[in-house]
Amino acid sequence: QVQLVESGGGLVQAGGSLRLSCAASGRTFSMYNMGWFRQAPGKEREFVAVISWSGSNTYYADSVKGRFTISRDNAKNTVYLQMNSLKPEDTAVYYCAAQRFITAQPLGVTRMEYDYWGQGTQVTVSS
């Protein structure tokens with residue numbers, strides 16, 4: 001079992017920045033790919049970004065490319081999402097998720113590919 005706890009959400013004006021953190025506990029963290037998803041009111045949960053277990057590979061949704069950066073610090077069992085140039089459409093609950101690493105398995109971009117989920121942190125971007 002891996003438990004994930006997000007933090008760093010809040011209210012920010014359009015054009016501003018936030019840095020989300022996701023702290024993992026309970027199991028070995030290093031051998032999991034880590035992703036971020038978000039869910040806006042009335043919308044389905046959507047993929048945002050993912051980073052491989054080693055930190056060497058990343059992939060982003062088109063909607064956040066060039067604005068968001070995912071990173072991880074395995075020594076701290078933590079994954080981060082740096083969000084810059086925020087837009088009102090970025091408003092959502094942001095969730096971190098862990099995908100168990102399997103050799104040659106692609107980085108997960110769908111909900112069903114992830115094994116563990118945090119409870120989410122609210123990000124609200126005002127216009």
Side-chain angles (χ1 to χ4, degrees):
Q1 181 72 30
V2 174
Q3 291 188 305
L4 307 173
V5 180
E6 303 95 335
S7 63
L11 176 64
V12 64
Q13 292 184 338
S17 299
L18 283 174
R19 188 194 193 197
L20 305 183
S21 299
C22 176
S25 63
R27 289 284 303 277
T28 301
F29 173 77
S30 297
M31 297 303 292
Y32 287 84
N33 302 324
M34 297 296 299
W36 286 96
F37 288 72
R38 66 187 183 186
Q39 187 166 17
K43 303 293 184 180
E44 295 186 7
R45 193 169 300 184
E46 66 174 346
F47 168 78
V48 175
V50 61
I51 187 167
S52 62
W53 70 271
S54 66
S56 61
N57 297 108
T58 59
Y59 184 75
Y60 298 89
D62 289 342
S63 59
V64 305
K65 285 180 180 177
R67 300 188 298 121
F68 291 9
T69 302
I70 189 170
S71 62
R72 69 190 295 163
D73 186 340
N74 288 348
K76 297 181 178 180
N77 289 350
T78 302
V79 63
Y80 305 95
L81 185 68
Q82 178 66 46
M83 306 185 295
N84 299 326
S85 302
L86 283 162
K87 305 174 181 179
E89 50 262 46
D90 295 318
T91 295
V93 176
Y94 283 71
Y95 300 88
C96 66
Q99 177 191 32
R100 191 184 303 274
F101 174 78
I102 300 175
T103 301
Q105 179 176 279
L107 299 179
V109 296
T110 63
R111 292 176 61 182
M112 58 285 299
E113 294 176 88
Y114 287 81
D115 300 287
Y116 303 102
W117 292 85
Q119 291 300 304
T121 185
Q122 176 71 49
V123 172
T124 302
V125 184
S126 62
S127 60

Would you indicate whether the side-chain heavy atoms of E113 and F47 approach each other to under 4.5 Å?
no
OH on Y59 to CG on L107, rounded to 0.5 Å:
10.0 Å
How long is the span from the OG atom in S21 to the CG atom in L4, to the nearest 0.5 Å?
12.5 Å
Between D90 and R38 the two heavy atoms that sit nearest each other are OD1-NH1, 2.9 Å
Report yes if some heavy atom in the side chain of Q3 is under 4.5 Å from a heavy atom in the side chain of V5; otherwise report no.
no
Non-hydrogen side-chain atoms of L20 and Y95 separated by less than 4.5 Å
no
Report the distance from atom OG1 of T91 to atom NZ of K43, rounding to the nearest 0.5 Å.
13.0 Å
Less than 6.0 angstrom from the centroid, inside 45 degrees of the normal: does R19 satisfy that with respect to the ring of Y80?
yes
Could you report the tightest heavy-atom contact between S17 and Q82, atom names first, then the distance?
CB-NE2, 4.0 Å
Exercise: identify the closest heavy-atom pair between R100 and Q105:
O-NE2, 3.4 Å
List the atom of A14, the atom of S127, and the distance in Å for their closest heavy-atom pair.
CB-CA, 4.5 Å
Do W117 and R45 pass the side-chain contact (heavy atoms from CB on, under 4.5 Å) test, and can you show the C-alpha distance, the side-chain angles, and the key distance before you say yes or no?
CA-CA 12 Å; W117 292 85; R45 193 169 300 184; 3.5 Å; yes
Indicate, with yes or no, if V12 and V48 share a hydrophobic cluster defined by side-chain heavy-atom contacts under 4.5 Å among Ile, Leu, Val, Met, Phe, Trp and Tyr.
yes
Does one hydrophobic cluster hold both W36 and V50, with members joined at side-chain heavy-atom distances below 4.5 Å?
no
Report the distance from atom CD of E44 to atom CZ of R111, rounding to the nearest 0.5 Å.
8.0 Å
Do F37 and Y114 have side chains that get closer than 4.5 Å, going by heavy atoms?
yes
To the nearest 0.5 Å, atom CZ of R72 lies from atom SG of C22 at 10.0 Å
Using the rule that Ile, Leu, Val, Met, Phe, Trp and Tyr join whenever any side-chain heavy atoms are under 4.5 Å apart, tell me whether Y116 and I51 fall into a single cluster.
yes
When you measure from the side chain of T78 to the backbone N and O of K76, does any donor-acceptor pair fall under 3.5 Å?
yes
Measure the CH2-OH distance between W53 and Y32 for me, rounded to the nearest 0.5 Å.
14.0 Å
Taking the side chain from Q119 and the backbone from E6, do they hold a donor-acceptor pair closer than 3.5 Å?
no
Which pair of non-hydrogen atoms, one from G9 and one from T121, has the smallest distance, and what is that distance?
N-OG1, 3.3 Å
